[in-house]
Amino acid sequence: MRKKIYKILVTGGAGFIGSEFVRQAVKQGHQMVVVDKLTYAGDLARLKSVQGKFVFYKTDIADLQKVMIILKKERPRAIVHFAAESHVDRSILDASEFVYTNIGGTQQLLTASREMGIKRFIHVSTDEVYGEISRGKFKEHFPLNPNSPYSASKASADFLVKAYIHTFGFPAIIVRPSNNYGPWQFPEKFIPVIIYKAIKNQKIPVYAKGLNVREWLHISDCARAVLATLELGQEGEIYNIGSALECKNITLVKMILKILARSQHLITFVKDRPGHDFRYALDSHKIQNNLFWKPHVDFEEGIFQTVQWYQENFTWLERKVKFLENYWKQIYKPTHEGER
Ligand code: NAD
Ligand code: TDX
């Protein structure tokens, strides 16, 4: 059977997961249009390997007029919506950008997509919308119980998408991936933080006692799952995307320290994240049984290759770390003499 080729508009395509999706979709022969505001988290360097094979618009998804102009010009068949503010700690410091983009931006995108008769809309949500679970796994029909400002904004967007499906018969699908890891992740997230600090022989901040559990999924498996929902998914459905590979934070740190031959003395237990979800775990049978997707990347191998990638691309990693340090200095300027 010949594969169908689509024109796909990707929001947040210069981000960590969105860029992997664009790289894979280009390889499959799809025509790609990338819309990204290029916030601190966006970087076109992630798309270097497919340069010239996509059309790019530096645009805010919350700007309805501009999004309409792009949609009228490009006429994509499908939209895959990754764009978001994605870092939980940042949402705890200030949730306003999260509400603006994750809720407001999604709503504007839905409005424009409906008006333009988009044939398929994949909304990229997260496992965090379910809240935490001490035993068992989240299934797609479980109630949403978000705990952080980030997950509350993502859950709000899910409700908007669901409302559009119910009210207008809008052809959307929601996907909920677990924690992603791999190359090009911004070093505010845990895995690149560990790798950078370990390489530099610096203290590694582990929240509380490091007993929190996350389900780690390689970005290549995640992007392949999103492509599967685009091609085979059922309109109006929700699909969890998980690897079933659960790992305590402390175990993960020790794994990476071992790969880099660094001392466990670098581990530093710090104050816990406020409202820190203890465990996420997804039941991913639905996507496995109905869309024939399963994860390919072995966790230990995936982590090993990820560490290697950051070693080989250390200049990129360090540039992002330095950017972050300056960024925080700008935001938290001392207001009084002697204040830090
Ligand atoms: P990311 O922060 O790396 O990338 C987000 C991208 O969106 C950036 O390129 C940024 O410039 C862009 N963006 C932000 N605001 C925008 C706006 N108003 N208009 C246009 N573009 C904007 O995020 P990521 O880790 O790649 O996550 C992608 C999606 O997947 C997000 O929706 C996130 O909630 C979800 N998700 C992420 C993970 C994970 O582990 N990283 C897991 C589950 C779900
Ligand atoms: O310095 C750290 N120390 C630490 O112990 C950081 C940055 C994190 N952690 C802990 C908190 C979490 O238990 O590590 C775990 C992973 O933290 P993050 O990388 O910040 O990810 P998480 O909060 O789990 O959220 C991620 O997965 C779901 C993504 O950032 C979200 O966008 C996605 O929806």
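Both counts, for ligands and for their atoms, begin at 1 and track the order of listing. What's counted below: heavy atoms across the whole structure, side chains too, no hydrogens, waters or symmetry copies.
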Report the residue from Asn240, Asp158, Asp127 that forms a side chain to side chain donor-acceptor pair (under 3.5 Å) with Arg176.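 That would be Asp158; it is the only one of Asn240, Asp158, Asp127 passing the side chain to side chain donor-acceptor pair (under 3.5 Å) with Arg176.
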Do [X] and [Y] make a side-chain contact, defined as non-hydrogen atoms from C-beta onward lying under 4.5 Å apart?
X      : Y      : value
Asn201 : Arg262 : yes
Ile267 : Lys254 : yes
Ile303 : Trp216 : no

Going by the order shown, which atoms of ligand 2 are within less than 4.0 Å of some heavy atom of [X]?
X      : result
His276 : 11 (C), 12 (C), 13 (O)
Glu188 : 7 (C)
Tyr150 : 31 (C), 32 (O), 33 (C), 34 (O)
Lys189 : 19 (O), 30 (O)
Glu128 : 22 (P), 23 (O), 24 (O), 25 (O), 26 (C), 27 (O), 28 (C), 31 (C), 33 (C), 34 (O)

Ligand 1 N/O within reach of [X] N/O, cut-off under 3.5 Å:
X      : result
Gly12  : no
Thr126 : no
Glu85  : no
Lys154 : yes
Gln185 : no
Asp127 : no
Lys37  : yes
Val35  : no
Asp60  : yes
Ala83  : no

Checking [Y] against [X]: is there a side-chain donor and acceptor pair closer than 3.5 Å?
X      : Y      : result
His81  : Thr106 : yes
Thr111 : Gln107 : yes
Tyr150 : Glu85  : no
Gln28  : Gln24  : no
Glu140 : Tyr239 : no

Heavy-atom gap [X] to ligand 1 smaller than 4.0 Å:
X      : result
Val124 : yes
Thr59  : yes
Ser125 : yes
Phe186 : no
Tyr40  : no
Pro177 : yes
Ser178 : yes

Just to confirm my output: which protein heavy-atom neighbour is closest to [atom], and how far is it?
atom                    : value
atom 19 (N) of ligand 1 : Ile61 N, 3.0 Å
atom 4 (O) of ligand 1  : Gly15 CA, 3.4 Å
atom 2 (O) of ligand 1  : Ser86 OG, 2.7 Å
atom 5 (C) of ligand 1  : Ala84 O, 3.4 Å
atom 11 (O) of ligand 1 : Asp36 OD1, 2.6 Å
atom 15 (N) of ligand 1 : Thr101 CG2, 3.5 Å
atom 37 (C) of ligand 1 : Ile17 CD1, 3.5 Å
atom 40 (O) of ligand 1 : Asn180 N, 2.8 Å

Check whether any N or O atom of Val193, backbone or side chain, sits under 3.5 Å from an N or O atom of ligand 2, and answer yes or no.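 N/O-N/O distance under 3.5 Å: no.
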Going by heavy atoms, is Lys154 under 4.0 Å from ligand 2?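 No; Lys154 lies far enough from ligand 2 that no heavy-atom distance drops under 4.0 Å.
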With under 30° as parallel and over 60° as perpendicular, where do the rings of [X] and [Y] fit, or are they tilted in between?
X      : Y      : answer
Tyr40  : Phe186 : perpendicular
Phe54  : Phe56  : perpendicular
Tyr181 : Phe299 : perpendicular

So does Ile103 get a backbone contact from the side chain of Ser153, meaning a donor-acceptor N/O pair under 3.5 Å?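 Answer holds: no.
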Could you tell me whether Lys248 atom NZ has more than 12 heavy atoms of other residues or ligands within 6.0 Å of it?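 No.
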Evaluate whether atom NZ of Lys7 has more than 12 neighbouring non-hydrogen atoms of other residues, nucleotides or ligands under 6.0 angstrom away.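 Yes.
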Answer with side chain, backbone, both or neither: which part of [X] has a heavy atom less than 4.0 angstrom from an atom of ligand 1?
X      : value
Tyr150 : side chain
Ala62  : neither
Leu38  : backbone

Are any of the side-chain nitrogens in Arg90 or Glu188 under 4.0 Å away from the carboxylate oxygens of its partner?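 Salt bridge between Arg90 and Glu188, a charged N being under 4.0 Å from a carboxylate O: yes.
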Answer yes or no: is there an ion pair linking Glu237 with Lys286, defined by an N-O contact shorter than 4.0 Å?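 Salt bridge flag = yes for Lys286 with Glu237.
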Determine the minimum heavy-atom distance between Pro183 and Tyr310, stating which atoms define it.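 So the two residues come closest at C-OH, 3.8 Å.
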Shared hydrophobic cluster for Ile194 and Tyr207 (ILVMFWY, side-chain gaps under 4.5 Å):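 Ile194 and Tyr207: separate clusters.
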